[in-house]
S.K.: 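First the structure, then my questions, so here it is.
Please read these numbers as outputs of a predicted model, since none were measured by experiment. Below, all heavy atoms of this structure are taken into account, side chains as well, without hydrogens, waters or symmetry copies.
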Amino acid sequence: MPSLRLFFLVALLAAVVLAVPTPSRKRGLQKRSFKVPRQLNKAHPTGPDGAAAMRKVFRKYNFQVKADFMVAQKEGFIGLSKQDQNATAAATAGGNKTGIVAANPGQNAAVFLSPVVVGGQTLNLDFDSGSSDLWVFSTDLPARAIGQHAAFDASKSSTFKKTERAQWKISYGDGSGAAGTVGTDTVTIGGVKVANQTVELANQVSQSFVEDTNTDGLVGLAFSKLNTVNDGTKKTPQKTFFDNVMNDLDMPVFTADLDPDGTGVYEFGKIDTTKFVGEMTWIPVKAESGFWQFPSTKFAIGDKVFENPQGSDAIADTGTSLLLVDQMVADAYYAQVQGAQLNAQVGGFVYPCKAKLPDISVAIGDSYMAKIPGNRVNFATVDKANTTCFGGVQGNQGAGRQIFGDTMFKAQLVAFNGGNQSLGFGQKP
Ligand SMILES: *[C@@H]1O[C@H](CO)[C@@H](O)[C@H](O)[C@H]1NC(C)=O
Ligand SMILES: *[C@@H]1O[C@H](CO)[C@@H](O)[C@H](O)[C@H]1NC(C)=O
Ligand SMILES: *[C@@H]1O[C@H](CO)[C@@H](O)[C@H](O)[C@H]1NC(C)=O
Ligand SMILES: *[C@@H]1O[C@H](CO)[C@@H](O)[C@H](O)[C@H]1NC(C)=O
Ligand SMILES: *[C@@H]1O[C@H](CO)[C@@H](O)[C@H](O)[C@H]1NC(C)=O
């Protein structure tokens, strides 16, 4: 296994050559735009797992899984067919009313990672526009927690400087999380170096991170105000990698460009207009929330538009696999899918893999509908025979926030603009 891992790291390093050199400037970055690949860690081959993806997003945002979920769902519903109501009722009768299955160690959700060099050491990190800490597995962790992860060894970095007394902590409602110490080091992404980047070293991680052998840590790309660093007495939010490079880029943006399989490219400083059709539409975000957050009070199934006036705000999150929509949106969507049902065992909507899925569009602010073609909605199979499938669109069980993840990024080229705090959307071909 270690040799497989090494092989993968070498492959990732080779892929960094993707970075495009652009002319140098007197001050700041040597390149004003660069790319970094987003890949599946081949050293840990596990296909996408719907239940794990649901657990992950519910944990990340502290969403409650409702015991009385089925009742709430019936109340909030628009357009559920009689047949679907029956199927839904059957799925929960005698089943697990919590809607989320227990953790299944060793079965990881497919996580897509990008190579990041911290103080000369390469780690595979998850670029996460839904959080703001750059944190890594470190050799301060016990060996059993590190397992097969690459862990950053600060003592082997000549550029690392510990920030005395500073700490960080990410904690989720279910008691899971990660925490540790803080320092600064040189961080290189896509061949571009940022000196003095705040790097957070984990010395505690909960079991869910240990089991996720794909991920050596995160690169938070939400707004710096959500950063959890504390100087020992008070909150002292540190700048994200994006905040540090932004002013030296040709444009203060990064884009997420995902292929249907979830791999793809993050590009900083430039928008590749060949990756979408027509014009890009820009939507201001509510940056004061710390997230790339916007209203979403409409949706469409096929060409039919529905109002969702009480619609929760939505977040653009590259660290989430699914498109997690208000429950009534998911209910209305799957009412149009023959044989679809809410399966408590799996934790979400499932349907026969041969079913034809309609297109779904979700509003991004007032002026854009992001369309996900039906043939890009599927997320995973749930049985060995590949007859039952788990949808990439799922409901938030009334959590009060919608989380738009990879299901959306596979269909939309999304540009995150830190300059005027807006999101740009272009429909992918
Ligand atoms: C739904 O269930 C009821 C009661 O079990 C049954 O009478 C009815 O035929 C079912 N309808 C459909 C469309 O399956
Ligand atoms: C039902 O969900 C709860 C809460 O996550 C879990 O503890 C329990 O093991 C689940 N039961 C089954 C059969 O999956
Ligand atoms: C490096 O970053 C730290 C914390 O963000 C800051 O206090 C310090 O002034 C920075 N040093 C340099 C040389 O920029
Ligand atoms: C933000 O910047 C983009 C790119 O320069 C521009 O096209 C857009 O109109 C701006 N959007 C807002 C909401 O200011
Ligand atoms: C189900 O799909 C997986 C992944 O594509 C494949 O490896 C496997 O052979 C398929 N199983 C069957 C029974 O078709």
Side-chain angles (χ1 to χ4, degrees), residues 57-64 126-135 166-173 177 182 197-198 200 218-231 233-247 249 251-256 266 268 271 280-299 308-320 323-326 362-370 396 398-405 408-409 412 414-425:
V57 62
F58 271 67
R59 180 188 299 123
K60 180 173 182 179
Y61 290 99
N62 294 338
F63 289 171
Q64 298 299 310
D126 189 359
F127 280 37
D128 180 19
S129 68
S131 67
S132 306
D133 288 51
L134 193 170
W135 73 264
Q167 295 174 337
W168 65 281
K169 181 174 187 159
I170 293 168
S171 45
Y172 302 118
V182 179
Q197 169 68 46
T198 296
E200 303 165 34
L218 264 66
V219 177
L221 295 170
F223 293 97
S224 294
K225 70 179 287 186
L226 296 182
N227 180 272
T228 72
V229 171
N230 183 300
D231 68 2
T233 49
K234 61 180 184 311
K235 280 189 69 161
T236 48
Q238 300 296 297
K239 281 188 174 182
T240 63
F241 174 83
F242 181 49
D243 261 1
N244 279 325
V245 296
M246 198 167 78
N247 294 329
L249 298 171
M251 275 184 87
V253 299
F254 67 92
T255 61
Y266 292 108
F268 289 79
I271 297 168
M280 184 159 260
T281 303
W282 291 92
I283 309 298
V285 295
K286 300 180 177 178
E288 66 281 2
S289 69
F291 291 107
W292 296 94
Q293 183 169 324
F294 47 85
S296 181
T297 58
K298 265 191 304 197
F299 63 101
N308 177 16
Q310 304 303 315
S312 317
D313 273 6
I315 292 172
D317 183 5
T318 58
T320 288
L323 184 86
L324 198 75
V325 292
D326 281 335
V362 285
I364 311 292
D366 295 333
S367 53
Y368 189 71
M369 296 290 280
N396 65 4
R401 196 178 253 165
Q402 308 186 78
I403 313 295
F404 295 175
M408 175 180 79
F409 297 111
Q412 299 285 325
V414 180
F416 296 76
N417 190 329
N420 65 11
Q421 304 188 325
S422 62
L423 287 170
F425 280 78

S.K.: Going by the rule side chain to side chain contact (heavy atoms under 4.5 Å, CB included), which residues pair with S367 if we only count those two or more places apart in sequence or in a different chain?
M.R.: T281, I283

S.K.: Looking only at heavy atoms, what is the nearest atom pair of F291 and R401, with distance?
M.R.: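 Smallest heavy-atom distance, with atoms named: CE1-NH1, 3.6 Å.
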
S.K.: Crowded around D366 CG? As in, over 12 foreign heavy atoms under 6.0 Å?
M.R.: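 No, CG of D366 has 12 or fewer neighbouring heavy atoms, counting only those of other groups under 6.0 Å.
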
S.K.: Let me see the working for D133 and W168 under side chain to side chain contact (heavy atoms under 4.5 Å, CB included), right down to the final yes or no.
M.R.: CA-CA 9 Å; D133 288 51; W168 65 281; 4.1 Å; yes

S.K.: Going by the rule side chain to side chain donor-acceptor pair (under 3.5 Å), which residues pair with S296 if we only count those two or more places apart in sequence or in a different chain?
M.R.: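 Here no residue qualifies.
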
S.K.: Have D317 and Y61 got a donor and an acceptor in their side chains that come within less than 3.5 Å?
M.R.: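 Yes - a donor-acceptor pair under 3.5 Å links their side chains.
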
S.K.: Just checking E288: does its CD atom have more than 12 heavy atoms from other residues, nucleotides or ligands closer to it than 6.0 angstrom?
M.R.: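 Buried by this count: over 12 neighbours within 6.0 Å.
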
S.K.: How would you list, by chain and number, every residue that makes a side chain to side chain contact (heavy atoms under 4.5 Å, CB included) with N417, sequence neighbours excluded?
M.R.: P252, V253, W282, N420, S422

S.K.: Does a donor on one side chain and an acceptor on the other come within less than 3.5 Å for E200 and N227?
M.R.: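 Short answer, yes.
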
S.K.: Hey, could you give me the CG/NZ distance between L324 and K60, rounded to the nearest 0.5 Å?
M.R.: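 Here the rounded value is 11.5 Å.
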
S.K.: With sequence neighbours left out, write down each residue that passes salt bridge (charged side-chain N to carboxylate O under 4.0 Å, His left out) with D243, or none if nothing qualifies.
M.R.: none

S.K.: Just jot down the ring pair (Phe, Tyr, Trp, His ring centres under 6.0 Å) partners of Y368, sequence neighbours excluded, or say none.
M.R.: F425

S.K.: Tell me the closest heavy-atom pair linking Y266 and A256, and the distance in Å.
M.R.: CE2-CB, 3.8 Å

S.K.: Between T320 (side chain) and V57 (backbone), is there a donor-acceptor pair under 3.5 Å?
M.R.: no

S.K.: Taking V182 as the fixed residue, which of N230, T198, T236 is the one that meets the side-chain contact (heavy atoms from CB on, under 4.5 Å) rule?
M.R.: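 Answer to the side-chain contact (heavy atoms from CB on, under 4.5 Å) test with V182 among N230, T198, T236: T198.
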
S.K.: Output all residues satisfying side chain to side chain contact (heavy atoms under 4.5 Å, CB included) with Q421, sequence neighbours left out; order by chain, then residue number.
M.R.: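 Q421: side chain to side chain contact (heavy atoms under 4.5 Å, CB included) contacts with F223, V285, A287.
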
S.K.: Treating Q402 as the side-chain partner and S312 as the backbone partner, does any N or O pair qualify as donor plus acceptor under 3.5 Å?
M.R.: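 Judged by distance alone, yes, a pair lies under 3.5 Å.
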
S.K.: With side chain to side chain contact (heavy atoms under 4.5 Å, CB included) as the criterion, how do S131 and I170 come out once you've worked through the C-alpha distance, each side chain's angles and the decisive distance to 0.1 Å?
M.R.: CA-CA 10 Å; S131 67; I170 293 168; 5.8 Å; no

S.K.: Tell me, please, which residues at least two apart from K298 pass side chain to side chain donor-acceptor pair (under 3.5 Å).
M.R.: none

S.K.: Using salt bridge (charged side-chain N to carboxylate O under 4.0 Å, His left out) as the criterion, list what pairs up with D231, not counting sequence neighbours.
M.R.: K234

S.K.: For F242, which residues count as a ring pair (Phe, Tyr, Trp, His ring centres under 6.0 Å) partner, sequence neighbours excluded?
M.R.: F254

S.K.: Only counting residues at least two apart or in another chain, list the ones meeting side chain to side chain contact (heavy atoms under 4.5 Å, CB included) with D313.
M.R.: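 Listed in chain order: K286, Q293, P295.
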
S.K.: What's the spacing between Q167 CD and T233 OG1 if we round to 0.5 Å?
M.R.: 10.5 Å

S.K.: Do V414 and W292 come within less than 4.5 Å of each other through their side chains, counting heavy atoms only?
M.R.: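 Of all side-chain heavy-atom pairs linking W292 with V414, none is under 4.5 Å.
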
S.K.: Using 0.5 Å steps for rounding, measure from the CG atom of L221 to the CZ atom of F268.
M.R.: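 CZ of F268 is found 5.5 Å from CG of L221.
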
S.K.: Begin from the C-alpha positions of T318 and F416 and carry the test side chain to side chain contact (heavy atoms under 4.5 Å, CB included) through to its verdict.
M.R.: CA-CA 11 Å; T318 58; F416 296 76; 4.1 Å; yes

S.K.: Please list, chain by chain and in numerical order, all residues satisfying salt bridge (charged side-chain N to carboxylate O under 4.0 Å, His left out) with K239, sequence neighbours excluded.
M.R.: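 Checked K239 against salt bridge (charged side-chain N to carboxylate O under 4.0 Å, His left out); zero matches.
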
S.K.: Which pair of non-hydrogen atoms, one from F294 and one from G365, has the smallest distance, and what is that distance?
M.R.: CD1-N, 4.0 Å

S.K.: Looking at S224 and T240, would you say the former's side chain and the latter's main chain have a donor-acceptor pair under 3.5 Å?
M.R.: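 A pair under 3.5 Å: yes.
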
S.K.: Given side chains that start at C-beta, do those of M408 and I364 come closer than 4.5 Å, heavy atoms only?
M.R.: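 Yes - at least one pair of side-chain heavy atoms lies under 4.5 Å apart.
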
S.K.: Got F404 and I315 here, is their nearest side-chain heavy-atom distance under 4.5 Å?
M.R.: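 No, every pair of side-chain atoms sits at 4.5 Å or beyond.
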
S.K.: So, K169 side chain and T228 main chain: donor-acceptor pair closer than 3.5 Å or not?
M.R.: no

S.K.: Identify the two heavy atoms, one from S289 and one from L226, that lie closest to each other, and give their separation to 0.1 Å.
M.R.: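 That would be O-CD2, 3.7 Å.
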
S.K.: K235: which residues meet the salt bridge (charged side-chain N to carboxylate O under 4.0 Å, His left out) condition with it, sequence neighbours left out?
M.R.: none

